[in-house]
Amino acid sequence: MQKNILLYLKIIPKGFSQIMLQNNAVTGLLFLAGIFYNSRIMGIGALIGVITSTVAAMIFRFDKRDITDGQYGFNGALVGIALFFFYQANVISVILIIVGSILSVLIMDFMHKRKMYPYTFPFVLSTWIIMGLIRILSISPMTAHELSEASRLNITSSLSLGFGQVMFQASIMTGVIFFIAIAINSRRSALYALLGSLMGVAVAGLFSLPLDLINAGIFGYNAVLCGIAFANIDKHAFYLALISIVFSIFIVYGMMELKVVALTAPFVFATWIILVLSKGFNRIALYETQR
């Protein structure tokens, strides 16, 4: 009985840890602490999302192991953070977080059953749908978020916010907390995440992309996730991570030019592209060895 209680107590923090592809309750608690350090409102939104999506997965009787590992919680957590980031926190936005979180669970299960790699796509799709409904029905105006003008590169800010912006947190301290949280579970993942943030700054700077966006971590956070996604791949991890990181940076810029709210879609799309290409390369290599 005591073991079961402990197991259930870990589900919620593990849901947070899975946002950055980690399976560790302590990491998840630090992620939550980092969010609350910067924004209590977004912290509350994250809790509403992760609890709603986890309970929904239990009600739908989805895979028990996936639930206890937090696989059904993290997309809901991101929905909650995103909607409280883009819109005012009120009764309507809370209802929309609940709806979006449940929708993310259904999308996650659909993808799981088809042996797909969902990553944060259930969050992205459900949030796009909710934002589309808000716009069509004129339910709530978007909250304005102004970036401070930059005359020079701020390395500390850009690197740290590359971590923080994964969860919409524009706080250097929160970014540091996130990095430490990842390192507690996996130093390799932390290093690859740091590579992603560094590359986000370097590539964006090389192509003279807006300096205020670089300092705000906008070109780093998807790259951070790409780095983590390939950190523990057996073969060619560094090269696969590097290519996906570069892809994600250009996808971010392309989506911004198209006026599309990117969320973590660049990470998902870049990772999917590399996974497809790497499987294709593997098949070619296998064919060549058999000739």
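Residue numbers run from 1 in the order of the sequence given. Bear in mind the structure is a predicted one, so any value in this text is a computation, not a measurement.
- Here the CD1 atom belonging to Ile107 is positioned 12.5 Å from the NE2 atom belonging to His112, to the nearest 0.5 angstrom.
- Under the 4.5 Å side-chain heavy-atom criterion for ILVMFWY residues, no single connected hydrophobic cluster contains both Leu191 and Leu195.
- Between the side chain of Ser244 and the main chain of Ala270, no donor-acceptor pair closer than 3.5 Å is present.
- Closest of all the heavy-atom pairs between Phe163 and Ser197 is CE1-CB, 4.1 Å.
- Counting heavy-atom neighbours within 6.0 Å of Arg135 CZ, excluding the residue itself, gives a total of 12 or less.
- Separation of the Phe168 and Phe85 ring centroids falls under the 6.0 Å cut-off.
- Rounded to the nearest 0.5 angstrom, Ile129 CD1 and Leu103 CG are separated by 5.0 Å.
- Note: Ser248 OG to Met199 CE = 9.5 Å, rounded to the nearest 0.5 Å.
- With a 4.5 Å cut-off on side-chain heavy atoms, Leu106 and Phe60 count as touching.
- A distance-only check finds a donor-acceptor pair linking the side chain of Ser126 to the backbone of Phe123 [under 3.5 Å].
- Looking only at distances, a side-chain donor or acceptor of Asn90 sits under 3.5 Å from a matching main-chain atom of Ile92.
- Using a 4.5 Å heavy-atom threshold, the side chains of Gln169 and Phe31 count as separate.
- Cluster membership for Ile177 and Leu29, using ILVMFWY side-chain heavy atoms within less than 4.5 angstrom, is not shared.
- Within the 4.5 Å cutoff, no side-chain heavy atoms of Leu96 are placed close to those of Tyr87.
- Annotation: side chain to side chain contact (heavy atoms under 4.5 Å, CB included) contacts of Leu153 (sequence neighbours excluded): Ile155, Ser158, Val201, Leu211, Ile214, Asn215.
- Gly162 and Val166 make their closest contact through O-CG2, 3.8 Å (heavy atoms, listed as atom of the first residue, atom of the second, distance).
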> Checking side chain to side chain contact (heavy atoms under 4.5 Å, CB included) for the pair Asn222/Ile249: CA distance, chi angles, key distance, verdict?
Replying inline: CA-CA 7 Å; Asn222 280 284; Ile249 295 163; over 6 Å; no
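- Closest approach of Ala46 and Ile35 over heavy atoms only: CB-CD1, 4.4 Å.
- Looking only at side-chain heavy atoms (C-beta outward), Val203 and Phe250 come within less than 4.5 Å of each other.
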>> Evaluate Met256 against Leu213 for side chain to side chain contact (heavy atoms under 4.5 Å, CB included), listing each step before the verdict.
In response: CA-CA 11 Å; Met256 289 176 62; Leu213 296 178; 2.9 Å; yes
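- Smallest separation of non-hydrogen atoms from Ala262 and Tyr221: CB-OH, 4.3 Å.
- In this structure, Thr120 and Leu263 have side chains that are not in contact, with every pair of non-hydrogen atoms separated by 4.5 Å or more.
- Minimum interatomic distance between Thr271 and Cys226 (heavy atoms only, all atoms of both residues): OG1-SG, 3.9 Å.
- With sequence neighbours left out, the side chain to side chain contact (heavy atoms under 4.5 Å, CB included) criterion links Ala170 to Gln165.
- Asp63 and Tyr72 are not linked by any side-chain donor-acceptor pair at a separation below 3.5 angstrom, with hydrogens and angles left out of the test.
- Contact annotation: the side chain of Val105 never approaches that of Asp109 to less than 4.5 Å [non-hydrogen atoms, C-beta and beyond].
- Under a 3.5 Å cut-off, the side chain of Thr54 and the backbone N or O of Ile51 do not form any donor-acceptor pair.
- Side-chain contact between Met116 and Phe121: absent, with no pair of heavy atoms (C-beta onward) separated by less than 4.5 Å.
- The one candidate from Phe219, Phe230, Tyr119, Tyr117 that meets the ring pair (Phe, Tyr, Trp, His ring centres under 6.0 Å) condition with Phe267 is Tyr119.
- Counting non-hydrogen atoms of other residues, nucleotides and ligands closer than 6.0 Å to CZ of Phe269 gives a total above 12.
- Counted by atom type alone, Thr52 and Ser101 present zero donor-acceptor pairs between their side chains at under 3.5 Å.
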> Given the rule in the side chain to side chain contact (heavy atoms under 4.5 Å, CB included) test, do Gln88 and Ser93 qualify, once you have shown the distances and angles that lead to the verdict?
Replying inline: CA-CA 7 Å; Gln88 263 193 328; Ser93 57; 5.9 Å; no
>> What verdict does the side chain to side chain contact (heavy atoms under 4.5 Å, CB included) test give for Thr27 and Met20, after you've listed the backbone C-alpha separation in whole Å, the side-chain angles of each residue and the deciding distance to 0.1 Å?
In response: CA-CA 10 Å; Thr27 295; Met20 294 207 200; over 6 Å; no
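- Atom CG in Leu30 sits 11.0 Å away from atom CG in Asn185 (nearest 0.5 Å).
- One N or O on the side chain of Ser53 and one on the backbone of Gly49 form a donor-acceptor pair closer than 3.5 Å.
- Distance CG/Leu78 to CD/Gln18: 11.5 Å, rounded to 0.5 Å.
- Smallest separation of non-hydrogen atoms from Ile228 and Ser189: CG1-O, 3.8 Å.
- The shortest distance between side-chain heavy atoms of Phe62 and Gln71 does not fall below 4.5 Å.
- With rounding to the nearest 0.5 Å, the separation of CG in Asn38 from CE in Met173 is 11.5 Å.
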